[in-house]
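Shown next, in structure tokens, is the structure this report addresses.
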Amino acid sequence: MTYVSLAHSIRGLRRGPHIAVIIVIVAISGIVAASSIIVTAGNASLAWWWPAVGIAAAAGVAVTPRARLWVALPYGIAVALSSVAGGRVPAVILCAAIAAALEVLIVARLSGTKGAMPDIGRLAGVGRFIAAALVAAGVAGVLLGVATFVIGGNGLAAGFSIFASHASAIILVTPCVILPRERRGMRPLGSIAVLLASLVVTAVVFIPGAANPIAFVCVVFVLWAAFTQSLRVAYAHAVLVIVLATLLTVLGGGPFASHAGALTTANLVQLYAVVLIVTVLCIGSSQIERERASSQRDGSRRILHDAFARAKGGYVILQEGAGSRLEVVEINPIARELMKNELRPGGNGPPLQLSPTSILAGAIRTLGDSETLTISEGSLGGDVPMSARIEALERSDYGRVYLIQIDDLRDARDSQARMAARLAREQQVVQALREINDQRDTFIASVTHELRTPLTSITGFAEELVDQSREGKQHSYAEIILRNANRMLELVENLLAAARQRRDSQLSEAGPVDLVGALSQSIDDLRYEIKRRQLVVGTTFDSRSVIVRANETDLARVATNLLTNAIKFSSDGGVIDVSVTRGEGSVRLVIRDHGLGIPEGDHERVFDSFYRSSTATDSGIAGTGLGLPIVRDLLAGMNASVRLVPAEGGGTAAEVTFPAFDHECSGDRGV
């Protein structure tokens, strides 16, 4: 619900219309001020009522804080000119002008918080506005009281009179622009009837010749209007009553005209007007606050109800009624569907009740105070899979209530079934792929095994031919046959090792193997290529035998592949260094060449299957890119590792680290 005042509307105008409206209001206040002074000119030095300050204060609260001074100054000047025209003395003129400007600034500043306009739609806002009016009127009373005292008059009486007239004017007039618009009240005919009754009673009480002290009777009708009408209507009602009572009092009617006491008739009328307006404002603002709170509460309730109804789970609130019946207080559509077999009509009472024979009702009877119970799917029965959680609570306004959360498990069961079917299909695909891989590895192993036997024979006879034919074309042809046969044999061995590594692990066959012996055997197997390339293989071993845990065949394959790589990347007549050292808890094998080397960026990538370094590709070095990947896989089965590092002076070093073997055969070996 939105509450917008006339001041809000004025402040929201465009610049031109806004300035025009403010000028008109200030001009009206100046005209009213001049009229009041002219009417009281002559023997009277001060006006008995000052509505101009209420009009000017209304303009002050309708502008922004920066523009307030431009309202206060023109109003002060208008009051000064009116005072000059009314024959006031200079001291009174000066104090009246200053007081007029200050009153506008004080009311505009103190009645609102942080530059905001007054909010008398709240009780606190009414209090701020009344306090601001009293402070502003008090400042004016002090200034004009001092001025009156300076010119030889009764400063105290003048100050009190100014305070009373200005305070009543601000409280009576200024609210007309800050009253909030609201939709509340009885029908127009009812409002008119209450107003006429109020005016009739006021006329009877204040009719000339009547002096009975029963002015409070009018208050009853004003209160009636304040409780049943909007704040604007109640305010207008009170203003009309005040105007009628004031006119009749001036004519000599009512209890105030013939009053003899410390307060004058004017003071009593002003006090009467202030009491009526303040009462209306307080009651009206309280009504607005109550309606605002009720609207917010209803809005929050609707939001919560919508959220409750749209929840993905089922929710029920039960109340323990007469005869231990479990009555439904709230239930969302999902719970209504899931519990359709557990609910029954409530007859003349609540629309739904929980059946006493239902499983949930039986579970609820077992709950104590502030206890929680969870019922699994199997315990609820029925065709729909679901689970429930019940919580017992004590509420002062409802007594004993039960909160039930029901989870529909159908989607979960369907998801589980779909997941199981998808997993079964994936397992079938994995099994099929595994079978295809096994068939491929078996085929490769069979083919390579069949190729290795004839290639071994070719290599052997080619070596014999090379040894027997020392020169000539036969010797050259024999070398070509031997070189290419060795290359083919290397490819077959790598393919066979790769297939075997994928098919199964040889770790179960690992045992103590002499690393030095394996290296020596591999060097001997490659003697022809070493001799052909005129290479020198230097060996440095800590002892004649260094035992590691490995598969003998796999270790021989590792040594052969690493030595073959070193031979390929070495220049003719170069040197290959092979060393085996034992450290604390490990055995380290290093095979280093002094050739072209491998770029550091390729040191990890060359362990990927079929990847060849840029050096090998650019230099035309033969190979398949399987040697180093096979080395890493075989060493992983021995709990060993391998890495490539740049060698000092050029070339590449392959470093292999084995875990130490506890039962090593030690001895010295000269190299």
Side-chain angles (χ1 to χ4, degrees), residues 301-318 326-345 351-367 370-393 401-445 498-505 507 608-610 629 633 636-637:
R301 183 179 297 143
R302 285 192 297 271
I303 292 173
L304 292 175
H305 187 271
D306 290 344
F308 186 78
R310 297 178 183 181
K312 293 184 177 179
Y315 292 94
V316 188
I317 301 177
L318 299 177
L326 297 174
E327 302 169 348
V328 176
V329 178
E330 285 284 350
I331 183 170
N332 67 350
I334 294 179
R336 187 185 294 269
E337 178 189 356
L338 294 174
M339 295 179 59
K340 58 186 177 182
N341 296 328
E342 306 250 340
L343 301 174
R344 67 178 186 181
L352 289 175
Q353 294 179 3
L354 188 63
S355 174
T357 59
S358 68
I359 296 174
L360 289 176
I364 288 174
R365 295 190 191 97
T366 64
L367 285 176
S370 301
E371 286 187 355
T372 301
L373 174 65
T374 300
I375 305 176
S376 61
E377 175 186 351
S379 302
L380 284 173
D383 298 332
V384 178
M386 58 183 176
S387 63
R389 184 177 181 272
I390 308 172
E391 184 176 0
L393 300 173
V401 297
Y402 301 94
L403 307 181
I404 303 178
Q405 176 183 345
I406 302 176
D407 294 323
D408 187 352
L409 303 179
R410 285 177 292 186
D411 290 342
R413 296 295 176 266
D414 292 342
S415 298
Q416 290 175 358
R418 289 193 298 270
M419 184 66 70
R422 188 178 297 114
L423 181 60
R425 287 195 300 270
E426 290 178 355
Q427 289 175 344
Q428 292 174 358
V429 172
V430 169
Q431 182 62 30
L433 291 175
R434 185 180 292 114
E435 292 175 357
I436 292 172
N437 284 333
D438 290 343
Q439 292 173 4
R440 181 195 61 188
D441 294 341
T442 301
F443 172 76
I444 293 174
R500 186 176 67 246
Q501 192 68 18
R502 284 193 297 267
R503 188 172 62 251
D504 52 14
S505 173
L507 186 59
D608 296 336
S609 296
F610 302 106
D633 290 342

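Index from 1, following the sequence.
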Could you tell me the separation between the [atom1] atom of [X] and the [atom2] atom of [Y], rounded to the nearest 0.5 Å?
| X | Y | atom1 | atom2 | result |
| --- | --- | --- | --- | --- |
| L360 | I406 | CG | CD1 | 6.0 Å |
| I317 | L403 | CD1 | CG | 6.0 Å |
| Q431 | I436 | CD | CD1 | 10.5 Å |
| Y402 | L393 | OH | CG | 10.0 Å |
| E337 | I331 | CD | CD1 | 11.0 Å |
| R413 | Q416 | CZ | CD | 5.0 Å |

Is [Y] close to [X] at the side-chain level, that is, under 4.5 Å between some pair of heavy atoms?
| X | Y | value |
| --- | --- | --- |
| L318 | V401 | no |
| I364 | L354 | yes |
| S355 | M339 | no |

Which atom of [X] lies closest to which atom of [Y], heavy atoms considered:
| X | Y | value |
| --- | --- | --- |
| A335 | V316 | CB-CG2, 3.5 Å |
| I359 | E342 | N-OE1, 3.7 Å |
| P356 | A361 | O-CB, 3.7 Å |

* Okay, side chain of N332, backbone of G313: is any donor-acceptor separation there less than 3.5 Å? -> yes
